[in-house]
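Presented below is the structure to which this report refers.
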Amino acid sequence: MTRISAFFTGWVLTLVSASSAWAQEMPTPSFPVPWQLNLQTPASPVAERLVEFHNFLLVICTVISVIVLALLIWCAIRYNAKANPVPSKNTHNTLLEIVWTAIPVIVLVIIAVPSYRLLYYMDRVEDPGLTIKVIGNQWYWTYEFPDDDISFDSLPLPDDEIDIAAGQHRLLEVDTPLILPTDTDIRILFTATDVLHAWTIPAFGVKLDNVPGRTNETWTRITIPGKYYGQCSELCGIDHSYMPIVVHAVSPEEFEAWRADQLAANDNTPDDANRLAALIQE
Amino acid sequence: MSTTATHAHDDDHNHAPKGISRWLNSTNHKDIGTMYLVFSVVAALVGGGLSLLIRIELGEPGIQVFDVIGEMMGSEAKQFYNVTVTAHALLMVFFVVMPALIGGFGNWFVPMMIGAPDMAFPRMNNISFWLMPPALILLILSGVMGQGAGTGWTLYPPLSGLAGQPDMSVDFAILSLHLAGASSILGATNFITTILNMRAPGMTMHKAPLFVWATLITAVLLLLAMPVLAGALTMLLTDRNFGTAFFDPRGGGDPLLWQHLFWFFGHPEVYIMILPAFGIVSHIVSTFSRKPVFGYLGMAYAMASIGIVGFVVWAHHMYTVGMGVNYRAYFVAVTMAIAVPTGIKIFSWIATMWGGSISFKTPMMWAIGFIFLFTVGGVTGVVLANAGMDIAMHDTYYVVAHFHYVLSLGAIFAIFAGFYYWFDKMTGKVYPEWAGQLHFWTTFIGVNVLFFPQHFLGLAGMPRRYIDYPDIFAEWNMVSTWGAYLTMTSTVFFLIVTLIVMIAGRKSVANPWGDGATTLEWTVASPAPFHTFEDTPDFTGGNPAAHPAE
C-alpha cells in the first residue's frame, strides 16, 4: 500500500514541480489596457500584418464615413427648405453614376491586394519546427505535442484561486498553461471532443474553430517571450465564458528544457504503469 | 355562420366587420398589416427587455443579474444568459424586424402603392399572420422549458443536438422557426403574386414605387431561402429525435453541413431585413427633399443585384471553421462586391437630397440617421469581409457592433422612419413633431453610445456571448450599458407618447407631407378607408398621385 501511495505522490509532485517552474511571474506583452481602442500588441508576424492591415482599413473606413457625413451636413445647410425653397428636378447624371460605381470598385481592389496576400500568408506553414494539437472539451482545453507523446489538460482557475496582487487576472488563468518556444514555426492542429469550440490567442493572430470530427490547421511564430491570454470564441454551452487559454512563450532553450522534463516524466510513466500492474497482481 | 358573414359582405361593400371577427377572420390587408405591427411591438418589448437584461448584466464584471433571474426561472444563471442571448436574436429577427417591415408596412402599403384593392390571396394573408402568434409562443416555450435553448440563434450543432441540449427546449425553437418560416413563405408568395399581377393599369414595373420593388425582391429572397432553413431544421429535428446523424460526426455526419445550410438561408435573411428598409428610406428622402428619387432604375437594380449576390456569399460567416483558403478567397471577393450596389444606394440618396428643398421632419431625421449609421455599419462590414482580417474579429464584440449598426441602427431606424412617415395614414392622427424629434435624438445618441464602444471591445479581444468578462474590459462595457439605459428611456417615452396620440391626437389630413409625396397612398383619406380606392387608379396618362409642378 505504501508503495502505491508513494508512487502517486511522486507522480503528482513531478507534475506540480513542472508546472510551478513556469508559474513564476511572466511579462504580458499584449495584455489590453483600460479604454483600449485597437487591436492587442502583436506578438507574431501574422498579428503584425493584421495590425498593419487593420490600420490601413481604418483609414479607408474613416474617410468614407466622413465623406458621407460631410455630404449629408452640406445638404442640410445648403438645401434645407429655407436656403433652397424651389427644389431642382434633376434625377439623372450618367457621369456621376459611373463615377460612384467605379471609385468603390477601385477602392475594393486596393483593399483586396493586401487582403489576399495576408490571407494566403497566414493560412499554413510549409516546414514547421513544432506541431501542437489543441483539443476543445466542455469546458477546458487539452494540449498534445503529437511528435513527443506529451499531453495534458489545461483547466480554468476559479475566481477564489486568483491572486490579483501577483498579476493574475480573473477568468483568464489556468492550472497548466501551454508552453511554446519563441522564434519557431509552430503548426497548430485543432479538434474537439464534444461541441464546437474556438481556440484563439489574439496577440498571435490565431483563431480557428475546434470542430468534432475534423482537424483544422494553422500556424504561428511567436516573436516576444511572455504570457499570452485567449478565451474560447465559439459558443459551447453553459461555461463558454469560463475556458480561458494561456500560453507561456519561452526561449527555444527553455522550451527544450521543459520538453526534456516532460519526456523524462513520460519515460517513467510506462515503467510506473508496469510496476503498478505488478503491485496490483501481488 | 359563415354564409351570413358572406352575405353581409356582399350586400354592403363599405361594411367593415366589427369586433373580434374583424381581426380573427381578417382578409383586409390594412387590418392584417396593423396586426403585424402590433405583434411586432409586443415582440419588441420582450426582445428589447431581454437585451436590456444582457446590458445590465454586462455593465460591470461579475454576475449580478442573471443569478437572480436564473433562480427565479429555475435555471442556472450561465445557461439562462445563453437562453437570453438566443431568444433576443430570434425575437428581433423573426418576430420584430420581419413582421414590422414585411408583414406590417408591406401589407399596409404595397397594395395601396400599386393601386390594388387588396393582396392577391387575402385568406392566405390571414393564415400568414395567424401562424406568427403560435410561433412566438413556441419560441417563448423554448426559453422556459427544460434548461432553455441556449445555443445562439444560429443553433449550431452539436451544441443544439442531443449531445449539447438533451431536453426538449431546442425542439420548441425548431418548431417555432418552422412555423415562422411557413408564415414567411406564404406571405412571400402572396406579395410576389400581388406585385406581379395587380398593379394599376399603366404601372409597369419600371414605374412601380421603390418600396414595391424592395418588397418584391425581399419576397423572392424569402421564397428561395426559407425552404433551405426548413430543410436544415428538419434534419436537426430528426437528428435529435429519430436517430439520424446529419450533423453528428459519430454517425458520419458533419457539424459544418448545418453551418452551410443555415447561412445559405441566413445571409439572404440579412438582406430580407434590410431591403424593405432601403425602400422606405428612398420614399422618405424623396418626399422631404421634394424631389423624385435620384437614379430610380439604378436604385431598383442595385437592390436586385444585392438580392442575387446575397445568395452566393454565405460562407463569409464561416471564415474560421477551417475552409480551404481558396474558398475563403472566393467569398472575400463576392462579399466585397456587395459594397458596390450598396454604395450606389447611399450616394443616390444623397443625390436625391442634393438640390432639394429639404424639410427635416421626424421621418426624414430617421432616414438621414439610417443613411449615416448604415454607412458606418457598411464599412465595418467591408473590414470583416476580409477573411484574413476577420480572424482577429470573428466572434468578438466587433461583429456584434457591426451587425447592430446595420440592423439595430439600420433596420430599426427604418422601421421608426416608416412608422412616423405613415403614422397619419394608418391612424388618422398627427404625431407631435417635438416628441418625434426628441425620440429621434435620444435614440440616436443612445444607440451610438451603446454600440460604438463595442468596436473597441472587439478589437481588444472581448469574445461575444459571454456572461462575464475579464476586468480589463469593464470601462467600455460600462459606457455601452449607459447607452442602453438612454435608449430604453427613449423607447419608453416613445411608447407613452404614441399611446396618448393614438387616443387623443389631432386629426390628420390625406397628405400631410406636401407635394414631395407622390405615391398613391397619399391620394386617399387618413386613416385609409377600409376599401382603399373608389376607382382603380390609372397610370396610363402618368402618375395620378403626382402634384402639378409649381
Side-chain angles (χ1 to χ4, degrees), chain A residues 32 34-40 50 53-54 57 61 64-65 68-69 71-72 75 79-81 84-88 90-91 97 100-101 104-105 108 115-116 118-120 122-123 169-172 194-196 198 202 205 207-209 211-214 216 231 233-238 240-241, chain B residues 76 78-79 152 156 158-159 163-164 249 254-256 289-292 294-295 298 320-322 325 328-329 332 336 339-340 343-344 346-347 350 353-359 368 371-372 375-376 379 383 386-389 391-392 394-395 456 459-461 463 465-468 470-472 475:
Chain A
W35 304 103
Q36 170 136 342
L37 297 178
N38 210 328
L39 295 163
Q40 295 180 11
L50 280 172
F53 185 46
H54 180 253
L57 287 173
C61 288
I64 292 173
S65 302
V68 169
L69 183 64
L71 289 172
L72 288 170
C75 282
Y79 299 111
N80 69 63
N84 193 38
V86 182
S88 82
N90 179 26
T91 59
E97 290 179 65
W100 73 42
T101 311
V105 171
L108 290 174
S115 174
Y116 280 127
L118 173 64
L119 178 64
Y120 281 85
M122 67 199 292
D123 184 42
H169 303 280
R170 211 173 56 82
L171 303 176
L172 286 177
D194 35 44
V195 302
L196 300 172
K207 183 186 289 151
L208 209 53
D209 285 2
V211 184
R214 281 176 176 256
N216 288 330
Q231 292 178 285
S233 293
E234 184 65 66
L235 182 58
C236 59
I238 294 176
H240 172 51
S241 319
Chain B
E76 224 261 327
K78 291 175 275 182
Q79 174 66 13
Y156 279 2
L159 186 61
D254 188 346
L256 292 194
S289 304
R290 292 172 63 208
K291 270 184 68 192
F294 187 96
T320 67
V321 302
V325 68
R328 277 179 282 154
V332 171
M336 293 216 291
V340 176
I344 291 175
I346 300 274
F347 293 127
I350 296 174
M353 291 167 67
W354 202 271
S357 180
I358 308 167
S359 49
I368 295 173
I371 295 170
F372 176 61
T375 304
V376 175
V379 292
V383 173
N386 297 286
M389 196 68 247
I391 296 298
H394 186 91
D395 256 306
F456 307 142
L459 289 172
R465 292 166 168 170
Y466 266 37
I467 186 173
D468 195 5
D471 305 343
I472 196 71
E475 283 83 3

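All values below were derived from every heavy atom in this structure, side-chain atoms included, with hydrogens, water molecules and symmetry-related copies excluded. So that the names make sense, note that chain A is the first sequence line, chain B the second, and so on, each numbered from 1. Values in this document were obtained by computation on a predicted structure and should not be read as measured data.
Contacts of B/Y156 with chain A are made by side-chain atoms alone, with heavy-atom separations under 4.5 Å and no backbone atom involved. Residue A/D194 touches chain B through its backbone alone, counting heavy-atom pairs closer than 4.5 Å. A/Q36 touches chain B through backbone and side chain together, each having a heavy atom under 4.5 Å away. Interface remark: B/P158 contributes backbone and side-chain atoms alike to the contact with chain A (heavy atom separation under 4.5 Å). Both the backbone and the side chain of B/P292 come within contact range of chain A, judged by heavy atoms closer than 4.5 Å. Interface residue B/I346: only side-chain heavy atoms are found under 4.5 Å from chain A. Only the side chain of A/N216 comes within contact range of chain B, with at least one heavy atom under 4.5 Å from a heavy atom of that chain. For a residue to count as touching a neighbouring chain, one of its non-hydrogen atoms must lie under 4.5 Å from one of that chain's; by this rule A/V68 touches chain B with backbone and side chain alike. Contacts of A/L208 with chain B are made by both backbone and side-chain atoms, with heavy-atom separations under 4.5 Å.
Of all heavy-atom pairs spanning A/F53 and A/L118, the tightest one is CD2-CD2, 3.7 Å. Pairing each heavy atom of B/R328 with each of A/D123, the nearest pair is NH2-OD1, 2.8 Å.
Counting heavy-atom pairs closer than 4.5 Å to chain B, the top residue among A/R214, A/E97, A/E234 is A/R214. For chain B, the option among A/L69, A/T101, A/I64, A/V105 with the highest count of heavy-atom pairs below 4.5 Å is A/L69. For chain A, the option among B/T320, B/I371, B/I350, B/L256 with the highest count of heavy-atom pairs below 4.5 Å is B/T320. Most heavy-atom pairs under 4.5 Å with chain B, from the set A/P104, A/G237, A/P202: that is A/G237. Here B/P470 is the residue among B/P249, B/S359, B/G461, B/P470 with the most heavy-atom pairs under 4.5 Å with chain A. In terms of non-hydrogen atom pairs under 4.5 Å with chain A, the most contact-rich of B/T375, B/V325, B/V321 is B/V325. Of the residues considered (A/C75, A/S241, A/G213), A/S241 shows the highest number of contacts with chain B, using heavy-atom pairs under 4.5 Å. Contacts with chain A were tallied for B/G388, B/G295, B/P463, B/G355; B/G355 has the most, counting heavy-atom pairs under 4.5 Å. In terms of heavy-atom pairs under 4.5 Å with chain A, the best-connected choice from B/I368, B/I467, B/V340, B/I391 is B/I391. The choice from B/S289, B/P255, B/A339, B/G298 that makes the most heavy-atom pairs within less than 4.5 Å of chain A is B/P255.
Salt-bridge annotation for B/D395 and A/K207: absent, with no side-chain N of the basic residue lying under 4.0 Å from a carboxylate O of the acidic one.
A tilted orientation is assigned to the rings of B/W354 and A/Y79, their planes being inclined by 30° to 60°.
The main-chain N or O of A/P32 is never found under 3.5 Å from a side-chain atom of A/Q40 such that the two would form a donor-acceptor pair. In this structure, the side chain of B/S357 engages the main chain of A/P85 through a donor-acceptor pair within 3.5 Å. A donor-acceptor pair under 3.5 Å is formed between the side chain of A/Y116 and the backbone N or O of B/A329. Side chain of A/N84 to main chain of A/A81: no donor-acceptor pair is present (N/O by atom type, distance under 3.5 Å, no hydrogens or angles).
A side-chain donor from one of A/H54 and A/N38 sits under 3.5 Å from a side-chain acceptor of the other.
Checked against side-chain contact (heavy atoms from CB on, under 4.5 Å), B/E76 has the following partners two or more places apart in sequence or in another chain: A/I238, B/K78, B/Q79.
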inquiry  = Could you go through A/S115 and B/N386, starting from their C-alpha distance and side-chain angles, then the distance that decides it, and tell me whether this counts as side-chain hydrogen bond (donor to acceptor under 3.5 Å, both in side chains)?
reply    = CA-CA 6 Å; A/S115 174; B/N386 297 286; 2.7 Å; yes

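Taken from CG in B/D468 to CG in A/L171, the straight-line distance is 4.5 Å, to the nearest 0.5 Å.
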